[in-house]
Amino acid sequence: MDDITALILDDHAAFRRGFARLDDARGEEQLTAVWEALALHLEIHAEAEERILYPHLLKEGSSETAEEETDDAIRDHNKIRDAIQAAAEQKVGSDGWWKAVWEARTENSEHLAEEEDEVLPDFRKHADMDLRVSLGAQWLTFYGEHPSGKGLNFHDKDPKRYIQENS
Ligand SMILES: [Fe+2]
Ligand SMILES: [Fe+2]
C-alpha cells in the first residue's frame, strides 16, 4: 500500500499535467473537457486533504508550525475553490474564463510548493509509517466512495474554525 504523501504527490503531478494540457486544448469542446476533469479533481483533492491529511497534521505534525501550515492550506484551498467557481460563471474560452482559470493555476502552483516543501516534510518527520499507510488506504477509499465527487459538497471553510474543530 502507498503512504498518503505519495498519493498526494501523484495528484499534484496530475494537476501540473492538467494545466499543461489546457495550454494545448483548442476550442470550447477541448477546453471544457480538460478543465472540467481538472477542476473536479482539484476540488476532490482539497476535500480529501481536509478530511484525511490536515486533521492528522494538526495532531501529529510539528507543534510549532502545524497550525500555521493548516491555516495557510485552508486559505489556499478557498482561493482555488473561489477561482473554480468564478470560471464556472464565465463562458469557456472567454477572457473572463481564462482569467479565473489562471487564478486557479497560479494559486494552485503556489499551494503545491507549500505542501511539498513544508506540510509533507513536516508530516513525514512526525507521523510513523503505519499511520501514513493507513491514511493512504483511507485516501483511496474516499476517492472510491465518491466517484466524480458524488455525494460531496465543496465549500469554503473558515480556517480558524477548521483548526479548532480538528485539533
Ligand atoms: Fe495537495
Ligand atoms: Fe492542498
Side-chain angles (χ1 to χ4, degrees), residues 1-22 34-62 64-88 100-127 129 131-149 152-167:
M1 267 304 202
D2 274 322
D3 94 86
I4 187 171
T5 70
L7 294 168
I8 287 175
L9 289 182
D10 282 350
D11 276 6
H12 290 183
F15 299 153
R16 293 194 180 93
R17 281 197 302 274
F19 281 110
R21 240 172 239 142
L22 213 49
V34 176
W35 173 244
E36 283 197 347
L38 174 57
L40 181 62
H41 194 185
L42 285 165
E43 296 268 32
I44 299 172
H45 176 89
E47 188 68 26
E49 286 182 342
E50 287 167 3
R51 290 196 194 194
I52 303 168
L53 174 72
Y54 284 97
H56 281 278
L57 181 78
L58 287 166
K59 291 180 189 89
E60 268 88 26
S62 153
E64 281 134 51
T65 55
E67 279 199 15
E68 195 187 325
E69 285 162 359
T70 304
D71 186 272
D72 279 348
I74 303 299
R75 282 174 205 281
D76 289 350
H77 288 176
N78 287 345
K79 285 186 213 161
I80 296 163
R81 280 187 279 255
D82 291 349
I84 290 170
Q85 183 55 41
V101 168
W102 227 254
E103 182 80 14
R105 184 176 189 156
T106 51
E107 289 296 346
N108 183 62
S109 296
E110 207 177 296
H111 176 60
L112 298 192
E114 282 179 5
E115 286 190 332
E116 291 175 16
D117 298 344
E118 294 165 27
V119 172
L120 297 181
D122 182 2
F123 193 66
R124 290 190 194 100
K125 206 183 288 174
H126 294 95
M129 194 45 99
L131 175 65
R132 285 163 55 186
V133 169
S134 133
L135 296 182
Q138 280 184 41
W139 183 273
L140 293 174
T141 302
F142 179 81
Y143 271 69
E145 283 174 348
H146 302 285
S148 302
L152 298 176
N153 167 23
F154 307 119
H155 59 276
D156 286 358
K157 296 177 180 66
D158 178 68
K160 297 267 170 304
R161 191 188 307 161
Y162 177 88
I163 290 168
Q164 234 170 32
E165 287 172 356
N166 289 283
S167 293

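Atoms within a ligand are numbered from 1 in the order they appear, just like the ligands themselves. Note that the numbering runs from 1 along the sequence shown for the chain.
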Report task. Give me the one residue out of I163, T65, V119 that meets side chain to side chain contact (heavy atoms under 4.5 Å, CB included) with T70. Result -> I163
Query - the Fe ion (ligand 2) - name of the N/O/S atom of H111 that sits closest to it - result: NE2
Query raised in the report: Yes or no on salt bridge (Lys or Arg N to Asp or Glu O under 4.0 Å) for E107 and R75, after CA distance, side-chain angles and deciding distance?
Result: CA-CA 10 Å; E107 289 296 346; R75 282 174 205 281; over 6 Å; no
Query raised in the report: Parallel, tilted or perpendicular: which describes the rings of F142 and H146, with under 30° parallel and over 60° perpendicular?
Result: tilted
**Report entry** H77 and H111 aromatic ring geometry - parallel, tilted or perpendicular at 30°/60° bounds
**Finding:** perpendicular
Query raised in the report: About how large, to 10 degrees, is the angle OE2 of E49, then the Fe ion (ligand 1), then NE2 of H45?
Result: 80°
Query raised in the report: OE1 (E115) to the Fe ion (ligand 1) to NE2 (H12): angle, nearest 10 degrees?
Result: 90°
